[in-house]
Amino acid sequence: MDNRTKWIKNRFRLGWAILATGVIAAAVGIFLEIQYTDLPYDPRIITGLGILFAGIGIGNLVRYRAAMKDGQSARRLTIEERDERTVLIRARAGNRAYWVSAAFIYAGLMWASFAANDSLPAITGDALWFFLAAGVLIPFVIYITSILMDQRNT
């Protein structure tokens with residue numbers, strides 16, 4: 001077994017592990033939802049996390065299963081994943097996304113600080129949820145956009 005095949009099989013096994021983790025987490029979340037209605041938190045959070053992990057696991061399985069069957073596809077995938085240019089583009093995009101998320105979190109902390117001494121209204125309820133959701137989605141969009149722009153420009 002060559003190094004490329006070993007690497008792909010490890011990725012494939014990782015996909016199964018992530019899928020299994022997701023299924024277990026989703027099952028636990030559903031169980032908690034049905035059995036315990038008086039929990040201090042919403043068990044759908046656990047179910048949602050399980051669904052997310054299951055989706056990531058299925059994505060890995062689909063991606064690497066095709067590469068395991070076809071040698072040419074395996075070669076192309078390993079070259080694409082390990083290419084120095086691709087690694088650099090991902091690192092630059094991650095750096096940009098990090099700084100956007102840091103600025104976003106800093107703005108939220110400043111808002112909370114000013115709200116504590118009544119200089120600004122407090123962020124509560126739905127507004128807080130939307131702010132936190134934006135704190136996840138905006139850096140992700142910056143990351144994907146940066147990757148696409150850097151691949152097109154270089």
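Note that these values count all heavy atoms, side chains included, but never hydrogens, waters or copies made by symmetry. Because the structure is a prediction, the values reported are computed rather than measured. Index from 1, following the sequence.
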Report task. Answer yes if Ile138 and Ile144 sit in the same cluster of Ile, Leu, Val, Met, Phe, Trp and Tyr residues linked by side chain heavy atoms under 4.5 Å apart, and no otherwise. Result -> no

Query raised in the report: Counting only heavy atoms not in Phe114, do more than 12 fall under 6.0 Å of its CZ?
Result: no

Query raised in the report: In the hydrophobic clustering (ILVMFWY, side-chain contacts below 4.5 Å, transitive), which residues join Phe53, or is it alone?
Result: Leu14, Ile18, Leu49, Leu52, Ile56

Query - Asn10-Arg13 side chain donor-acceptor pair, cut-off 3.5 Å - result: yes

Query - Point-to-point distance, once rounded to the nearest 0.5 Å, from CD of Glu33 to CG of Leu39 - result: 10.0 Å

Report task. Please check if Phe31 and Ile51 belong to a single hydrophobic cluster, counting links between Ile, Leu, Val, Met, Phe, Trp and Tyr side chain heavy atoms closer than 4.5 Å. Result -> no

Query raised in the report: Out of curiosity, Met149 CE to Ile142 CD1, how far, rounded to the nearest 0.5 Å?
Result: 9.5 Å

Query raised in the report: Do Val136 and Trp129 share a hydrophobic cluster (ILVMFWY, side-chain heavy atoms under 4.5 Å, transitive)?
Result: no

Report task. Give a yes or no answer on whether the side chain of Ser119 reaches the backbone of Ala115 with a donor-acceptor pair at less than 3.5 Å. Result -> no

Query raised in the report: Which atoms form the tightest heavy-atom contact between Ala25 and Gly50, and what is the distance?
Result: CB-CA, 3.7 Å

Query raised in the report: Can you tell me how far OG of Ser101 sits from CG of Leu137, rounded to the nearest 0.5 angstrom?
Result: 12.5 Å

Query raised in the report: Which atom pair, heavy atoms only, marks the closest approach of Phe104 to Ala134?
Result: CZ-CB, 3.7 Å

Report summary line: On a heavy-atom basis, the closest approach of Pro43 and Leu32 is CB-CB, 3.8 Å

Query raised in the report: For Arg65, what residues pass the salt bridge (charged side-chain N to carboxylate O under 4.0 Å, His left out) criterion, not counting sequence neighbours?
Result: none

**Report entry** Nearest-0.5 Å distance that lies between atom CD in Gln151 and atom CZ in Arg85
**Finding:** 6.0 Å

Report task. Find the distance between CD1 (Ile105) and CZ (Phe131) and round it off to the nearest 0.5 Å. Result -> 8.0 Å

Report task. Please report the C-alpha distance between Asn60 and Phe12 in whole Å, then the side-chain angles of each, then the deciding distance to 0.1 Å, and finally whether the side-chain contact (heavy atoms from CB on, under 4.5 Å) criterion is met. Result -> CA-CA 7 Å; Asn60 273 359; Phe12 192 71; over 6 Å; no

Requested in this report: Using side chain to side chain contact (heavy atoms under 4.5 Å, CB included) as the criterion, list what pairs up with Ile123, not counting sequence neighbours.
Outcome: Trp111, Ala127, Leu128

Query raised in the report: Do side-chain atoms of Arg152 reach the backbone of Ile147 as a donor and acceptor pair under 3.5 angstrom?
Result: no

Query raised in the report: Can Val28 be reached from Ile34 by stepping across I, L, V, M, F, W or Y side chains whose heavy atoms are under 4.5 Å apart?
Result: no

Query - Cationic N near anionic O, under 4.0 Å, Asp150 to Arg96 - result: yes

Requested in this report: To the nearest 0.5 angstrom, please state how far the OH atom of Tyr41 sits from the CD1 atom of Ile46.
Outcome: 4.0 Å

**Report entry** Over all atoms of both residues, closest heavy-atom pair of Ala97 and Pro139
**Finding:** CB-O, 3.3 Å

Query - Heavy atoms from other residues, nucleotides or ligands near CD of Gln35 exceed 12 (cutoff 6.0 Å) - result: yes

Report task. Identify whether Tyr64 and Leu19 are in the same connected component of the hydrophobic contact network (ILVMFWY, side-chain heavy atoms under 4.5 Å). Result -> yes

